[in-house]
Amino acid sequence: MGIKQLFSIIKDEAPDSIKEGEIKNQFGRKVAIDASMSIYSFLIAVRSDGQQLMNDTGETTSHLMGMFYRTLRMVDNGIKPLYVFDGAPPKLKSGELAKRFQRKQEATEGLEEAKETGTAEDVEKFSRRTVRVTREHNAECQRLLKLMGIPYIIAPTEAEAQCAVLARAGKVYAAASEDMDTLCFDTPILLRHLTFSEQRKEPIQEIHLDKVLDGLNMERKQFIDLCILLGCDYLDPIPKVGPSTALKLIREHGSLEKVVEAMENDPKKKYTIPDDWPFRDARDLFLEPDVRKADHADCDFKWEKPDMEGLVQFLVTEKGFSEDRVRGAGARLEKNMKSSQQARLEGFFKPLPKTDAEKAAHKRKLEAQQEEKKKKQKQDKKDKAAAKSKPRAAV
DNA sequence: CTCAGCCA
DNA sequence: TGGCTGAGG
């Protein structure tokens, strides 16, 4: 899902916008996470012999397993996660949802057939395709987070849009998502691979939107138009338009209105725009999504001590988890809670200069950093100009 | 997906 | 230590 090929475009056109690092660099930071998307991936990935994990009454526990341990691991690394749940889908998305629904039905039929005739792998493949996040999955994860002392919010519509608003307002450092769509919602920073970096040997990517726009030489609106042209969740893609064509078209014409006009007036009819292609609506969803404002009372987030007995009751008594593991995890959670509070009290994150001499030294350091930055920018510009003179996006 | 335990 | 494998529910 998400916007195909956007990452490779950004990598080519705005390499400075991507910083790679380890999870340690994120210590002390708050990050917003799309909860429903996480739950979906847990339901798919947390399995044993191709089946979701279940307690002895047959209730699925994959989502709780995934969320419990992943959250714990982030907290272990000094990260303060904030989960954002999807609300109602926006209207326009209903088309996309209907299509998914249809695929799901087809997959269900395929599953029945596979059970009759196919191999075990076929059955497994089909059962993964039918995965859906239910109201119950969401409710159970919310209950879990409450017991863990981790804050969450239910977005009016799309979680990604809400994550972006919170990041933009400084309530969190960044939105953490694998989905590049989040940039369209105006998050200043997007963190990718936040969790699977430690286990696999992949770095965390920090993508800075301002530098993305600089590198592409585009306004935010043009960037959104580019993303829509690349194929977002809301609209069908235009056949034969891939990343390089999309980029070329937006640079040449400057807006989707002009791109569409040019396509329609093209005597050779090289591109066929789908019949129902409300790109203005899609753009509006990115520009003005239905979100809770960051100064709303719902956005007053607190990271609190876990409720150990509550966790044992829920995960052990009701869901059949191992008591040793749950208590061990709960203890880690509690310990990290304390140490991060301690670090805050000691000014660990923001050591402010106190004496005049320190202030002066601090100022010099900042100036030196600025100077360094300017130099680097100059050099980068030179490099780019030398590499190729790119056509500028029309305004 | 993440953990725990094992082994080089 | 760190990479690998099986279990977790």
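Within every chain, numbering begins at 1; the chains are lettered A, B, ... in the order of the sequence lines, protein sequences first and strands thereafter.
In this structure, the side chains of A/Lys270 and A/Met263 stay at 4.5 Å or more apart for every pair of heavy atoms. Contact annotation: the side chain of A/Arg292 never approaches that of A/Val165 to less than 4.5 Å [non-hydrogen atoms, C-beta and beyond].
Just one residue in the list A/Phe314, A/Tyr69, A/Phe42 forms a side chain to side chain contact (heavy atoms under 4.5 Å, CB included) with A/Leu64, and that residue is A/Phe314.
OP1 or OP2 of B/dC1 has not a single side-chain nitrogen or oxygen of A/Arg128 nearer than 4.0 Å.
In this structure, the NE2 atom of A/His63 is 14 Å from the P atom of C/dG9, given to the nearest Å. A/Leu194 places its CG atom 15 Å from the C1' atom of B/dT2, with the value rounded to the nearest Å. Distance, A/Phe42 CZ to B/dC3 C1': 14 Å, rounded to whole Å. A/Met74 places its CE atom 16 Å from the C1' atom of B/dC3, with the value rounded to the nearest Å. The distance from atom CG of A/Leu64 to atom P of B/dC1 is 18 Å, rounded to the nearest whole Å. Rounded to a whole Å, the CD atom of A/Glu323 is 12 Å from the P atom of C/dG9. For A/Phe68 and B/dT2, the CZ to C1' distance is 12 Å, given to the nearest whole Å. Put simply, CE on A/Met37 is 16 Å from C1' on B/dC1, counting in whole angstrom units.
Ionic pairing of A/Arg192 and A/Glu202 is not present here: no N-O contact between side-chain nitrogen and carboxylate oxygen is shorter than 4.0 angstrom. Using a cutoff of 4.0 Å between basic side-chain nitrogens and carboxylate oxygens, A/Glu140 and A/Lys319 are scored as salt-bridged. Ion pairing of A/Glu288 with A/Arg283 is absent here, as no side-chain N (NZ or NE/NH1/NH2) approaches a carboxylate O to less than 4.0 Å. The pair A/Arg280-A/Glu257 meets the salt-bridge criterion, with a side-chain N (NZ, NE, NH1 or NH2) lying under 4.0 Å from an Asp/Glu carboxylate O.
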Using a cut-off of under 3.5 Å, enumerate the N/O to N/O pairs linking the protein to nucleotides 5-8 of chain C.
residue	atom	partner	partner atom	Å
C/dG8	O6	A/Arg47	O	2.9

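Among the protein residues, A/Gln52 comes within range of the nucleic acid bases, having at least one heavy atom under 4.0 Å from a base atom.
Checking B/dC3, B/dC1, C/dG9 against every side-chain atom of A/Arg70, the shortest atom distance belongs to B/dC1.
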